[in-house]
Amino acid sequence: MEIAKSYNPKEAEENHYRIWETRGCFAPEINENPNAEKYSIVIPPPNVTGSLHMGHALQHTIMDTLTRWKRMQGFRTLFLVGVDHAGISTQLMVTRQLKKDENKTPQDLGREEFVRRVWDWKNKYGDTITNQIRREGLSVDWSRERFTMEESLSIAVREVFVRLYEEGWIYRGTRIVNWCPRDKTVLSDLEVKEDKKKDGKLYFLQYPIKNSDAKITVATTRPETMLGDTAVAVNPNDERYKDLIGATIELPLTNREISIISDEYVESEFGTGAVKITPAHDPNDYEIGERHNLEKLVVMNDDATMNQAAGADFEGLDRYKARELVVERFEQLGLLEKIEDYEVVLPVCERCKTVIEPLLSEQWFCKMDEMRDMALNLMRDENSPRFFPEIPHRKVYTTWLENLKDWTISRQLWWGHQIPAWYDEAGNVFVARTAEEAFEQAGTSDLIQDSDVLDTWFSSALWSFSTLGWNGVVTETEDLKTFHPTDVLVTGRDIIFLWVSRMVMTALKFVGEKPFNDVIIHGTVLDKNGQRMSKTKNNGIDPLDVFEKFGVDATRMTLAGSATGVDFAWRDEKVESFRNFANKIWNATRFCLLNSDGAQVDYSFLNPKAEARDIIQTLKGELSEIDEEDEEFLDKIDPTFAKDNPKENLSLADKWIISRLNKTAFAVNNALETYQFHEAVQLLYHFFWDDFCDWYIELVKDEITSEEPNVRRDAARSRILTIIEQSLRLLHPFMPFLTEELWQKLPGVSSELHNPAYKSAEKTIMLSDYPRGDSSLIDEKAESEMQAVIDLISKVRNIRAEMNIKPSEKIPVFVAADSDAQKIFLENEAQILKLARAERLNLAESLDVPKASAKAVIAGAEIAVPLEGLIDFDKERERLENQLNKLNVEGERLEKQLSNTNFVERAPQEKVQELRERVAEIETQSKTLKQNLGALM
RNA sequence: GCCGACUUAGCUCAGUGGUAGAGCACUCGCUUCACACGCGAGUUGUCACAAGUUCAAAUCUUGUAGUCGGCACCA
């Protein structure tokens, strides 16, 4: 068999995905067991404009690992994929391209044509992200791919809107909103981010009081808004201004008069204690305005230029130009008291970073009270959804819900779900599922539909059930019944509010059940300096580059190997080490394959009885009854070989690796159950590299590479192939491509290794049965005996290295041990000689060696290597003293602990016993070391 | 202002009452018939600081310092 000397990820990545996909391995229908439990995950839909970044790669790896793992366990799995229409982002992107290619604006095209262009764009470029998802190896069901703007999901959106409207939760109203003057749309609070400006200014403006020489000074960061002032407010208890309350101000630069009012909102300590009130351009001022019945004077246009109401001098000026001019005029009038440097935090548009202008505007809002309570009750009564990690997300989620305000759901965009509301000439509103319905309500077809669309997150909120067929018209589908609620949602903490909470609320309201059981909040992938990756900093790392350089599997291992929920700095070195790991797996398998003549994967070589029993158990568990075909299946796996090769024929190394394998399988399953991916990765890494490669392969190498075909050799070859096969299965959810590539090469693999739920599928590791670990194969005795052999070999190697003995030089090894230990060493003599590069092994009750020997102690045995002419006595003394020191430090601490009567009385007895045994062991070993040291003097 | 997280080897990070761990880096030695993306042997720590609880604290509690995050406010 020809196998490359190192792993080439590209080949495997190109080969297998298409096969998996075309054979339908990703779809739940591949599962033939009618009673199989389901497992479902919906992907957080990436933006249709998007391309893959590290955050996606992390999130996707977690979801795919879980899905592949559960699928291998026989669950009917659905990993649902889809993309989001991403209103603002997409509209911006297409607008930009339109400008570039045709020098046109959306307005030039008109709404209908523009939306058509967006669809064209979506059809042309929208598959970038889905192709990248394929590249990552995600086992998503493409036959159920969804898009938030497709018809069925749009029906769902309209249905939900209409129902909420009919129940009075959705309403239209005039409020101060977050306005992006560039995108010319309103934004929800969650779409507004903060930008700290250190060079901000605080302007102190003097307003003259009518019929008086007195002036009142107000401080503001936005002088231009003074053109819309309709009052000045002071605190009612502020002695300085008490007499001025009710006075009239002649507002400079305007010919308006406004009055001084008192309101508790004003903090006397801040600024001058007097606040200019601009109800139409500030949310707090708006509320004060409502309380005092003030006029709401709008002085700005929707592009943040000043309007006619701002006065002829200012009309048409940009807000910042107007600001300069206002300040200039105040200075000319001698009314500019001072300008202070002031650090301001500016609200900016999440998408385009333009400074948000609070603006009075009529919009659609959704009152969240009822749904909020449903979500809070779910958390209170059932601790659902369960957050991983629970701290701090549970509390953050709950607190946010408790303080939830109305949601601004309309957007002044063209790309999105147009609001299903129609107006007649008189301005009466008709909310309906369709235009026809609205016409019917109105008794006329002379209606105009609301030109706004809904917030992108409105449709995302329905994702868990709209993707499974719910659209209000159809409320029960097979998929919905089977896969909803989903099992786990995997996402970043930035969209807990935007998305997670809203999914919970809408699912409870419209489906009557929670959308998911668990929520995994993963960390943020930072750059190597611990900074957030961002386009402006240009410090992003493109996952596709990493795939190219190190392979998809290595990247997945790196991502999965990060602790759940914790941010981590990206390091290429980490991926490199997993690239090396992939190569290690490749080469270990390569070695076994190069020595596989006469052998094949066969579980009867490991433990025939346990395996047969397990399969029967599994079948009984999965199938309602065992029919004739199943009986045949069982007959086929009846291990004839086992009759002549009972388990007792297994060597110590075999029993040891089988035990380690099963322990690892147990622990990996455990780790995955609790979403401790890094733990699972560590376990697999060290089992495979340390236990399997460094020890097992080396221990059985001679037997396996023997030239002469014989039963023993072939059995050993079959065993190692079988252990490899099992290891590949354990690794598959993390490293799908490499494991499939290698698994297909193993002689003896077939669909019979599949989980029983996939009996008739063509052979693939992704449908093989995930090893759960078999407790009857865990052998503590074998593990401790093997440990003694390993310790012995390591000590001899240590002596060789410290004494600079050439690798080519064979040495005799003397070991003093009791008869039980001697027996173990004798049985493994060949391996000890080989791995310690020894010429012979002398076993006895006590040592009888020349003075010129290097010595070491292990639990239950003393080791000596005679080194006439080679020994460096100073170095040997140092070696022994080092060992002795370590033991002494430990011994002293333990002695101290044992001499503490409180400890002996109060600590658990087995703990005390453990310590006593350890102290005894230390004493024995240090006694020996001291004797050896003395002999050197 | 409110809430929270983090601080462990040179670097990046696991561990969460009972002998301090990994990867990388570093030192020494190896063309040992799977792998130099490798093999073997090493070195490296007041587990931020202080007090408390406990027989026992890196781990629990409180406080301090530094770093970072979320929310609110920001005239």
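Since the model is a prediction, treat every value here as computed from it, not as a measurement. Hydrogens, waters and symmetry mates are skipped; everything else that's a heavy atom, side chains included, is used. Letters go in sequence order (proteins before strands), and every chain restarts at 1.
Residue R590(A) has its side chain nearest to rA34(B) when only rU19(B), rA41(B), rA34(B) are considered. Of all nucleotides listed (rG38(B), rA22(B), rC71(B)), rG38(B) comes nearest to the side chain of K584(A). Of the candidates rG18(B), rA41(B), rU32(B), rG18(B) carries the atom nearest the K911(A) side chain, counting heavy atoms from C-beta on. Of all nucleotides listed (rG23(B), rA14(B), rC73(B)), rG23(B) comes nearest to the side chain of Y685(A). When distances are taken from the side chain of S577(A) to each of rG23(B), rA41(B), rC13(B), the shortest belongs to rG23(B). Closest approach to the W689(A) side chain among rC71(B), rC39(B), rC37(B) is made by rC39(B) (side chain taken as heavy atoms from C-beta onward). Side-chain atoms of A907(A) lie closest to rG18(B) of the nucleotides rG38(B), rG18(B), rG23(B). Among rC71(B), rA34(B), rC24(B), the nucleotide with an atom closest to any side-chain atom of E573(A) is rC24(B). When the nucleotides rA34(B), rU19(B), rA5(B) are ranked by their closest atom to the side chain of E890(A), rU19(B) comes out on top. Of all nucleotides listed (rA41(B), rG23(B), rA34(B)), rA41(B) comes nearest to the side chain of A801(A).
Here, rU59(B) and rU54(B) have their P atoms 16 Å apart, quoted to the whole Å. Nucleotides rC30(B) and rA36(B) are separated by 11 Å at their C1' atoms, to the nearest Å. Comparing the same atom, C1', in rA56(B) and in rG66(B) gives a spacing of 30 Å after rounding to whole Å. Nucleotides rC74(B) and rA5(B) are separated by 25 Å at their C1' atoms, to the nearest Å. Look at the P atom in both rG23(B) and rA41(B): the space between them is 13 Å, to the nearest Å. Comparing rU67(B) with rC73(B), their C1' atoms sit 24 Å apart, to the nearest whole Å. Nucleotides rA58(B) and rG70(B) have their P atoms positioned 33 Å apart, rounded to a whole Å. For the C1' atoms, the distance linking rG52(B) with rU8(B) amounts to 22 Å, nearest Å.
Counted within 6.0 Å of CD1 on I391(A), heavy atoms from surrounding residues, nucleotides or ligands total 12 or fewer; the atom is thus considered open. Annotation: K886(A), atom NZ; neighbour count of heavy atoms from other residues, nucleotides and ligands within 6.0 Å does not exceed 12.
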Exercise. Given Watson-Crick or G-U pairs with both distances under 3.5 Å, what dot-bracket string fits RNA chain B, with | for other-strand pairs and [ ] for crossing?
Worked result: (((((((..((((....[..)))).(((((.......))))).....(((((..]....))))))))))))....

For this session: Apply salt bridge (charged side-chain N to carboxylate O under 4.0 Å, His left out) to E357(A) and R222(A), showing your working.
Result: CA-CA 11 Å; E357(A) 196 60 44; R222(A) 296 191 297 152; 2.7 Å; yes

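The separation between D690(A) atom CG and rG38(B) atom P is 13 Å, rounded to whole Å. When the C1' atom of rC39(B) is taken as reference, atom NZ of K701(A) falls 9 Å away, rounded to whole Å. As rounded to whole Å, 17 Å separates atom P of rC71(B) from atom OH of Y397(A). The interatomic distance linking W695(A) (CH2) with rC35(B) (P) rounds to 20 Å, in whole Å. A straight line from CD1 of I585(A) to P of rG38(B) spans 13 Å, rounded to a whole angstrom. Counting to the nearest Å, the P atom of rC71(B) and the CD1 atom of I495(A) are 14 Å from each other. Rounded to whole Å, atom P of rG15(B) lies 14 Å from atom NE2 of H686(A). In this entry the distance linking CZ of R571(A) with P of rG23(B) reads 16 Å, nearest Å.
Residue E679(A) is classed as having no contact, given no heavy-atom separation below 4.0 Å to the nucleic acid. Contact annotation for R797(A): backbone-only contact, meaning every heavy-atom pair under 4.0 Å involves sugar-phosphate atoms and none involves a base. No contact: E921(A) has no heavy atom under 4.0 Å from any strand. The residue D694(A) sits close only to the backbone: its heavy atoms come under 4.0 Å of sugar-phosphate atoms, none of a base. Base contact: C693(A) has a heavy atom under 4.0 Å from a base atom. Using a 4.0 Å heavy-atom criterion, one finds that V218(A) contacts no nucleic acid atom at all. Residue V904(A) is out of contact with every strand shown, counting any heavy-atom pair closer than 4.0 Å. Within the nucleic acid shown, T272(A) has no heavy atom closer than 4.0 Å to any nucleic acid atom. K886(A) comes within 4.0 angstrom of the backbone, heavy atoms only, and of no base. Contacts of R893(A) with the nucleic acid, taken as non-hydrogen atoms under 4.0 Å apart, involve only primed sugar atoms and P, OP1 or OP2. At a threshold of 4.0 angstrom between heavy atoms, the contacts of N284(A) are confined to the sugar-phosphate backbone, with no base atom among them. Contacts of K834(A) with the nucleic acid, taken as non-hydrogen atoms under 4.0 Å apart, are absent. Heavy atoms of L202(A) sit under 4.0 angstrom from primed sugar atoms or phosphate atoms, though from no base atom. E576(A) comes within 4.0 angstrom of nothing in the nucleic acid, heavy atoms only.
Under a 4.0 Å N-O distance rule, the pair K549(A)/D572(A) qualifies as a salt bridge. For the pair E548(A) and K10(A), the salt-bridge criterion is met [side-chain N within less than 4.0 Å of a carboxylate O]. Here E340(A) does not pair with K201(A) in a salt bridge; the nearest charged N to carboxylate O distance is not below 4.0 Å. Taking 4.0 Å as the cut-off between side-chain N and carboxylate O, R323(A) and E224(A) count as a salt-bridged pair. We find that R918(A) and E890(A) are joined by a salt bridge, their nearest charged nitrogen and carboxylate oxygen being less than 4.0 Å apart. Ion pairing between D567(A) and R493(A) holds under the 4.0 Å rule for side-chain N and carboxylate O.
When ring centroids are compared, F578(A) and Y685(A) come within the 6.0 Å threshold.
Toward the 5′ end of RNA chain B lies the nearest nucleotide of S6(A), the other residue of the pair S6(A) and E802(A) mapping further downstream. Both D282(A) and S562(A) sit near RNA chain B, but only S562(A) has its closest nucleotide nearer the 5' end.
Look at K395(A) and you'll find a side-chain N or O under 4.0 angstrom from OP1 or OP2 of rG4(B). The side chain of H678(A) places an N or O atom within less than 4.0 Å of a non-bridging phosphate oxygen (OP1 or OP2) of rG15(B). Close to rG38(B), at under 4.0 Å from its OP1 or OP2, lies a side-chain N or O of N580(A).
A donor-acceptor pair shorter than 3.5 Å cannot be found between the side chains of K215(A) and T217(A). Remark: the Q925(A) side chain and the E921(A) side chain contain an N/O donor-acceptor pair separated by less than 3.5 Å.
Looking at E698(A), its side chain comes within 3.5 Å of the base of rA34(B) through a donor and an acceptor atom. Between the side chain of Q682(A) and the base of rC13(B), no donor-acceptor pair of N or O atoms lies under 3.5 Å.
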